[in-house]
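A short worksheet on the structure shown next.
Hydrogens, waters and symmetry mates play no part in the numbers below; they use all other heavy atoms, side chains included. Proteins come first, then strands; the chains are lettered A, B, ... in the order of their sequence lines, and each starts at number 1.
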Amino acid sequence: MNVPNPDMPTLSYHTACLLQESLKCKDLFAGKSIHGRIVKSGLHFSVFLMNNLMNFYSKTGSFSYAHSVFDEMPVKTIHSWNTLLSAYSKQGKMAEANEIFNRIPNPDSVSWSTLIVGYNQMGRFKSAIKVFSEMIKERVTPSEYTMTSVLASCAAIEALYIGRKVHSFVVKFGLSNFVSVTNSLLNMYAKSGDPMMTMVIFDRMGYRDTSSLNVMVSLHMQYGQVDLAREKFERMNERDIVTWNSMIAGYNQHGYDLDALATFGNMLRDSLLFPDKFTFINALSACANLEMLKVGKQIHACIVSMQFDINGPVGNALISMYAKSGGVHIAQKIVEHAGMSNLDVIAFTSLLDGYIKLGDIEPARQIFDSLRDRDVVAWTAMIVGYLQNGLNTDALKLFRLMVRDGPKPNSFTLAAMLSVSSSFTSLSHGKQIHAIAIRTGQASSVSVNNALITMYARTGSIKYARLVFSRIHRFRDTVSWTSMIMALAQHGFGEEALELFENLLAAGVKPDHITYVGVLSACTHVGLVEQGRRYYNMMKNVHKIEPTLSHYSLMVDLLGRAGLVQEAYDFIKKMPIEPDVITWGSLLSSCKVYKNVELGRVAAERLLHIDPENSGAYSALANLYAVCGKWEDAAKTRKLMKDGGVKKEQGISWVQIKNKVHVFGADDVLHEQKDEVYKKISKIWEDIKKMGFVPDTAAVMHDLEEEVKEQMLRHHSEKLAIAFALMNTPQNTTLRIMKNLRVCNDCHSAIKFISKLSGREIILSIVEGKMQYLFDENGKRCLDDFARNGVVWTLPSRGFECYNGTK
DNA sequence: CTAGGGTTAG
């Protein structure tokens with residue numbers, strides 16, 4: 001304890017008080033003049049006053065003054081050292097802080113705690129924990145401050161195991177009675193995924209303060225138990241700013257944005273608290289989600305009238321709110337007003353996003369190009385922006401640029417790119433993205449894995465979809481289950497899909513409306529009418545999900561495919577919303593199968609009423625007539641279509657077999673015995689053209705492939721391959737050619753082929769089958785070259801692996 | 001002289 005100079009007790013105390021007052025109003029000038037008076041009156045020998053002065057300088061950010069005061073002190077106490085230490089750790093200068101710490105003769109618990117806090121503030125939580133363990137090793141008794149700090153480190157990195165150890169020290173040093181420590185324990189268990197322990201501790205607490213309840217509120221919010229959080233909140237008799245903010249943030253995160261705004265209003269009305277930046281950020285985010293421009297403007301007015309600093313996060317939230325709720329021009333004005341140098345990437349990304357939402361790609365791209373330090377988010381926003389506006393090629397181009405020059409893609413980027421692969425049904429592209437996910441360490445991300453399941457299923461590799469799903473068994477969310485159910489349903493494993501759905505229910509996962517799309521389509525594929533009805537009712541009554549058009553269409557499909565065509569039609573008539581093309585199309589195709597001309601005609605008429613140029617409806621109807629032997633009606637329908645100006649006939653090949661007309665859609669070609677179908681098709685190829693129809697794309701593809709394969713076998717495959725590579729061949733074609741080269745056992749051409757490609761393709765993965773022969777000496781050299789250029793190889797036969805040149 | 005609970009953009 002520092003006792004002031006006994007000769008001048010009053011003067012010392014009064015000076016210290018003056019310093020404290022100066023500190024309160026951050027008056028550096030006043031502090032400096034007091035400093036001068038201290039020196040003049042010879043008070044600078046008082047360690048007490050000097051420590052106070054150091055504290056003043058440190059808190060006002062004048063670190064160099066603090067340091068010089070320290071240097072001039074003839075006698076230094078542990079307080080002096082700790083104040084200096086705190087000055088450095090506040091600046092984030094941890095290296096210097098450590099140096100000072102090592103020079104302290106007898107560091108006490110405050111010194112150690114200061115170091116831990118310093119690391120925490122720098123986000124270096126592991127180092128903070130390390131400091132704590134060294135402190136214990138040195139047999140220094142921790143204080144309640146030490147515990148709260150180190151528990152915060154554990155909470156931040158969700159280190160449950162370490163947190164438990166720290167808990168044991170809390171007990172050992174008898175610190176359990178501090179509410180602050182117990183609150184920190186609560187928070188640690190809540191954040192590290194041990195809700196049970198959190199509840200146990202909370203129940204056992206003899207005294208709970210507002211903070212304790214705050215932790216519980218945010219625990220409930222974390223687990224999506226919004227109603228429980230609301231209950232706790234309403235029962236609290238004292239609410240501080242954190243309480244209100246937790247509720248507003250929690251509501252906002254779970255889509256209860258109206259509640260978030262209502263809570264914000266209640267806070268302004270019922271509490272004497274002033275909103276802080278978190279309040280504003282979350283309230284603005286709620287406005288943005290609801291696209292409530294007017295409310296957003298009111299909050300903006302509130303911010304302005306409070307003279308609140310709109311630099312940093314609040315300004316970003318404002319810009320984002322305007323950009324999202326149709327006020328891009330206001331957002332633009334704020335951005336212009338603030339000036340380039342005062343804004344960060346976040347502000348510009350929000351603005352960019354606003355333009356994308358309007359479909360204005362050009363200004364968005366201009367913002368993107370003008371950004372100097374673009375981060376992953378900016379890149380992703382631009383890429384997703386292209387995707388949302390249907391500009392897949394631009395998205396792909398930008399993604400390639402990103403992989404080459406930009407920051408590492410994150411799970412958002414990869415999930416988006418995987419959905420492109422799914423919509424392109426390009427397995428090769430999808431596998432490249434998978435390879436990048438592995439290489440950038442994102443392969444464990446739930447959203448990436450969910451997108452992978454869909455991608456593999458859509459590109460036909462149900463095997464890999466299964467593999468991915470089984471690998472994430474510990475981290476499955478609703479989307480994972482849904483994706484897998486959809487995947488199985490698409491591949492005709494209806495029973496398995498339903499089994500999986502039952503597992504989902506047993507696991508206590510909540511299905512959403514898309515899950516039910518998967519479930520109902522599984523029933524459709526297997527023809528389980530009664531099961532389908534049951535699940536449909538379960539959706540409505542148990543899970544309280546209002547059916548959407550997809551669900552209605554699936555029910556129509558389910559009934560129709562089972563031959564209950566009339567019932568399907570009755571179902572449509574009872575629908576509370578307008579049926580769409582898919583609904584009628586589904587009924588129409590059922591009518592085709594069950595040869596119900598009357599209903600089929602109705603369905604086709606209604607369908608064409610919605611979409612008069614729907615060639616599919618015409619050909620389905622024509623086919624229905626043909627199947628029923630009504631050749632004249634079939635021909636009439638064709639004529640009707642041509643008269644209606646419908647020219648597109650892609651996806652349909654008319655094949656004459658045994659004087660009967662069959663329609664081969666792309667699906668049939670893919671699923672039936674390929675060779676058989678292709679043989680038939682090629683025989684009547686010319687006939688189709690003569691009849692004036694456009695041949696099916698899949699058939700064309702196959703033809704091309706066959707031709708290439710034959711020529712490769714017959715001629716010099718290498719030359720041909722390279723010629724293809726130099727042409728602007730679409731990538732899935734090039735990979736097909738690769739496959740053919742493999743069939744010809746021509747690995748050297750394959751390697752050369754790839755080497756020509758790699759100039760164009762940033763990432764190329766060669767997959768499927770056994771590629772061991774690429775691993776001879778030539779192949780290895782080749783692989784090393786590619787690895788250096790960022791080319792990744794995946795070899796699914798050995799699990800998913802990545803070749804990056806290091807191994 | 002040191003703590004702890006609420007954190008924005010995709």
Output field: ring centroids F264(A)/W244(A) closer than 6.0 Å: no
Got a sec? Which of residues 138-152 of chain A come in under 4.0 Å of DNA chain B, heavy atoms? Y145(A), T148(A), S149(A), A152(A)
Selected nucleotide, minimal atom distance to S350(A) side chain, candidates dG10(B), dA9(B), dG6(B): dA9(B)
If the threshold is 4.0 Å, N to carboxylate O, is there a salt bridge linking E134(A) and K130(A)? no
Among dC1(B), dT8(B), dG4(B), the nucleotide that comes nearest once only the side chain of D209(A) is considered: dG4(B)
Closer than 4.0 angstrom, basic N to acidic O: yes or no for K357(A) and E291(A)? yes
With respect to the side chain of N183(A), which nucleotide from dG4(B), dA9(B), dT2(B) is positioned closest? dG4(B)
Check for me whether the distance between the ring centres of Y88(A) and H67(A) falls short of 6.0 Å. yes
Any idea which of dT8(B), dC1(B), dG10(B) is nearest the F412(A) side chain? dG10(B)
Considering only heavy atoms and no angle criterion, is a donor-acceptor pair shorter than 3.5 Å present between the side chain of S184(A) and the base of dG4(B)? no
Pick base, sugar-phosphate or nothing for V377(A), based on heavy-atom distances below 4.0 Å to the nucleic acid. base
Classify L85(A) by what it touches in the nucleic acid, base, sugar-phosphate, or nothing, heavy-atom distance under 4.0 Å. nothing
Given dT7(B), dG6(B), dG5(B), the nucleotide with the shortest approach to the side chain of D276(A): dG6(B)
Would you mind classifying the nucleic acid contact of N55(A) as base, sugar-phosphate or nothing, using non-hydrogen atoms under 4.0 angstrom? sugar-phosphate
Between D353(A) and S350(A), does a side-chain hydrogen bond (donor to acceptor under 3.5 Å, both in side chains) hold up when you go through it step by step? CA-CA 5 Å; D353(A) 222 47; S350(A) 303; over 6 Å; no
Nearest to side-chain heavy atoms of K191(A), which nucleotide of dG10(B), dC1(B), dG6(B): dG6(B)
Which is true for K59(A) with a 4.0 Å heavy-atom rule: it touches a base, it touches only sugar-phosphate, or it touches nothing? sugar-phosphate
Looking at dG5(B), does its base get a donor-acceptor pair with the side chain of D240(A) below 3.5 Å? yes
Given atom CD1 of I78(A) and atom P of dC1(B), what is their separation to the nearest angstrom? 14 Å
Side-chain contact check for N245(A): nearest option of dG6(B), dG4(B), dA9(B) is dG6(B)
Closest to the S180(A) side chain: dA9(B), dG10(B), dA3(B)? dA3(B)
Compare the minimum distances between each of dG4(B), dA3(B), dG6(B) and the side chain of F278(A), then state the nucleotide with the smallest one. dG6(B)
Tell me whether D394(A) is salt-bridged to R365(A), with the criterion being a basic N under 4.0 Å from an acidic carboxylate O. no
Inspect the surroundings of CG in D203(A) and state if more than 12 heavy atoms from other residues, nucleotides or ligands are less than 6.0 Å away. yes
If you look at every strand shown and take non-hydrogen atoms under 4.0 Å, does V376(A) touch a base, only sugar-phosphate, or nothing? base
Can you classify the ring geometry of Y256(A) versus Y251(A) as parallel (below 30°), tilted (30 to 60°) or perpendicular (above 60°)? tilted
Classify Q253(A) by what it touches in the nucleic acid, base, sugar-phosphate, or nothing, heavy-atom distance under 4.0 Å. sugar-phosphate
How is N120(A) classified with respect to the nucleic acid when contacts are heavy atoms under 4.0 Å: base, sugar-phosphate, or nothing? nothing
